[in-house]
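Since the structure comes first, as structure tokens, the remarks are kept for the end.
Computed from a prediction, not measured in an experiment: that's the story for all the values here.
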Amino acid sequence: MAVSQSRAVLRGFKHDVAELLRRFEAADTALERALRLRRALDDPVGVRHVLRSIGLLRWHEGRDEDALPYIEEALAIDRARGDKLAMLGELSNLGYVLKGLGRYERAQESLMEGMDLSERILAGDAGASVKSDVAVKQHYLIHNLANVYRELGESERALDLMQRATERSAGERLPIQLSYHFTSIAHICLQAGRIEESLEHYRAAVGLTRRANFVPGLSLSLRMLGELLLGLGRDAEALPLLEEAARLFAQLGDRVGEAELWEEMARAHENAQRDPD
């Protein structure tokens, strides 16, 4: 690539980063103002909603440590109000952030509390709509908990949890949640050297997200499957998947992810001496 082209790409990337940072700053300003207003109005539910949003914003910014107190305060409000459904969401978010910080024992405690609470609600006399909501939340708890086990080196425990959740997801017809479980199982199988089993689960995740028309999940599952096939030297199978993933990343506005995929495809063609491609 010529120097002038490189500089143009770099300027474009810097512009995208600056634009994203401006959006974060604008959201931060608006949410902090909303939080002050909700506190002044003594509106605990409103405060909880804003705290959750700020925690999510901090997480998107890569500031897990800063996200933690907002999630913890939101959870404290849920506990005080006895809002069990809201607690499930907070406990799942808390476990996810703690996992990202490497605090696996605390993450496990949070997620196990969420699992126990969800099981009690599902076994109780709540209405069908409530149980349906809880079932979805439970799958995210399971997914996060299995990933904690994986980080702790307990891959078989993670795999067993995911497989049981997969059976339940299929029965409850939750294709998006099921696709998350399949990608996690695929990753565990890959780490264990069970390549074909891993490929089978990645393909299942692609199929589920495609049928559900869930573009974010489809783009990621296509990328994971394509990159694995590429690593196995199966370019003919990998390249169409990576190209489709790149176009979906573009559709989602993820220009960095899209660029990385085109780069991978170009490298594969170069290695195979397909210079025009």
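In this structure, Arg223 satisfies the cation-pi test against Phe249, with its NZ or CZ atom closer than 6.0 Å to the six-membered ring centre and inside 45 degrees of the ring normal.
Using a cutoff of 4.0 Å between basic side-chain nitrogens and carboxylate oxygens, Glu196 and Arg234 are scored as salt-bridged. Using a cut-off of 4.0 Å between Lys/Arg side-chain N and Asp/Glu carboxylate O, Lys137 and Asp133 are scored as salt-bridged. Ion pairing of Arg103 with Glu109 is absent here, as no side-chain N (NZ or NE/NH1/NH2) approaches a carboxylate O to less than 4.0 Å. Under 4.0 Å is where a charged nitrogen must lie from a carboxylate oxygen, and between Glu32 and Arg36 no such pair does. Ion pair Glu260/Arg267 not flagged as a salt bridge, since none of the NZ, NE, NH1 or NH2 atoms sits closer than 4.0 Å to an Asp/Glu carboxylate oxygen. A salt bridge links Arg247 with Glu243: the distance from a Lys NZ or Arg NE/NH1/NH2 to an Asp or Glu carboxylate oxygen falls below 4.0 Å. In this structure, Lys84 does not pair ionically with Glu90, as no charged nitrogen and carboxylate oxygen lie closer than 4.0 Å. Salt bridge Lys99/Asp64: absent, no basic N to carboxylate O contact under 4.0 Å. Between Arg38 and Asp43 there is a salt bridge, since a side-chain N of the basic residue sits under 4.0 Å from a carboxylate O of the acidic one.
Smallest separation of non-hydrogen atoms from Ile77 and Leu51: CD1-CD1, 3.8 Å. A pairwise comparison of heavy atoms in Pro44 and Arg81 identifies CB-CD, 4.3 Å as the closest pair. Residue Ala126 comes nearest to Val130 through the heavy atom pair CB-CG1, 3.8 Å, listed as atom of the first residue, atom of the second, then distance. Residues Ala135 and Leu122 share a closest heavy-atom pair of N-CD2, 4.3 Å. Here the shortest heavy-atom pairing between Ala238 and Leu229 reads CB-CB, 3.7 Å. The nearest pair of heavy atoms linking Ser110 to Gly95 is OG-N, 3.7 Å.
Between His201 and His187 there is no side-chain heavy-atom pair separated by less than 4.5 Å. A 4.5 Å side-chain heavy-atom check between Leu75 and Arg48 finds every atom pair outside the cut-off. Inter-residue side-chain proximity for Leu152 and Gln108 is flagged as met; some heavy-atom pair is nearer than 4.5 Å. At a threshold of 4.5 Å between non-hydrogen side-chain atoms, the residues Asp235 and Leu230 count as touching. Residues Gln138 and Leu88 fail the side-chain proximity criterion, which asks for heavy atoms closer than 4.5 Å. The shortest distance between side-chain heavy atoms of Leu199 and Leu232 falls below 4.5 Å. Leu241 is not listed as a side-chain neighbour of Glu237, based on a closest heavy-atom distance of 4.5 Å or more. Taking 4.5 Å as the limit, some side-chain heavy atom of His269 sits within range of a side-chain heavy atom of Leu239.
Within a 6.0 Å radius of CZ in Arg39, more than 12 heavy atoms belonging to other residues, nucleotides or ligands are found. Annotation for Tyr96: atom OH does not count as buried by contact number, only 12 or fewer foreign heavy atoms lying within 6.0 Å.
In this structure, CG on Leu94 lies 15.5 Å from OH on Tyr70, to the nearest 0.5 angstrom. Considering OG of Ser155 and CD1 of Ile188, their distance stands at 6.0 Å, rounded to 0.5 Å. With rounding to the nearest 0.5 angstrom, the OH atom of Tyr149 is 13.5 Å from the CG atom of Leu159. Remark: Leu261 CG to Glu258 CD distance equals 8.0 Å, nearest 0.5 Å. Ser179 OG to Arg210 CZ: the interatomic distance, rounded to the nearest 0.5 Å, is 12.5 Å. In this structure, CD on Glu264 lies 6.0 Å from CG on Leu242, to the nearest 0.5 angstrom.
Listed by chain and residue number, Ala186, Cys189, Leu190, Tyr202, Leu228 satisfy the side chain to side chain contact (heavy atoms under 4.5 Å, CB included) test with Ser198 (two or more places apart in sequence, or in another chain).
Ile176 and Leu220 fall into different hydrophobic clusters, defined by Ile, Leu, Val, Met, Phe, Trp and Tyr side-chain heavy atoms under 4.5 Å apart, directly or through other members. The same ILVMFWY cluster, assembled from side-chain heavy atoms under 4.5 Å apart, contains both Ile195 and Met224. One hydrophobic cluster, built from ILVMFWY side chains closer than 4.5 Å, holds both Ile71 and Leu85. Under a hydrophobic clustering in which Ile, Leu, Val, Met, Phe, Trp and Tyr are joined whenever their side-chain heavy atoms come within less than 4.5 Å, directly or via other members, Leu91 and Leu101 fall into the same cluster. Ile54 and Val45 sit in two unconnected hydrophobic clusters of ILVMFWY residues. Membership requires side-chain heavy atoms under 4.5 Å apart, directly or through other members.
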Exercise for the section: Step by step, work out the side chain to side chain contact (heavy atoms under 4.5 Å, CB included) result for Arg58 and Asp28. Expected result: CA-CA 9 Å; Arg58 296 287 180 270; Asp28 194 15; 3.0 Å; yes
Practice task
Could you give me the CA-CA distance, side-chain angles and deciding distance for Leu98 and Leu111, then say whether side chain to side chain contact (heavy atoms under 4.5 Å, CB included) is met?
Solution key: CA-CA 10 Å; Leu98 287 167; Leu111 296 167; over 6 Å; no
Exercise for the section: Determine, step by step, whether Leu35 and Val47 satisfy the side chain to side chain contact (heavy atoms under 4.5 Å, CB included) criterion, reporting the C-alpha distance in whole Å, the side-chain angles of both residues, the deciding distance to 0.1 Å, and the verdict. Expected result: CA-CA 6 Å; Leu35 184 58; Val47 168; 3.9 Å; yes
Practice task
Report the C-alpha separation of Arg79 and Glu113 in whole Å, then their side-chain angles, then the decisive distance to 0.1 Å, and conclude whether the salt bridge (Lys or Arg N to Asp or Glu O under 4.0 Å) test is met.
Solution key: CA-CA 12 Å; Arg79 290 191 196 280; Glu113 181 184 353; 2.6 Å; yes
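At distances below 3.5 Å, not a single donor-acceptor pair connects side-chain atoms of Ser184 with backbone N or O atoms of His181. Side-chain N or O atoms of Ser219 include one that pairs as donor or acceptor with a backbone N or O of Pro216 at under 3.5 Å. Here the side chain of Ser221 pairs a donor or acceptor atom with the backbone of Gly217 at under 3.5 angstrom. Of the possible donor and acceptor atoms, none in the side chain of Asp254 sits under 3.5 Å from a partner among the backbone N and O of Ala250.
Using a 30° and 60° split on the angle between ring planes, Tyr180 and Tyr140 fall in the tilted class, from 30° to 60°.
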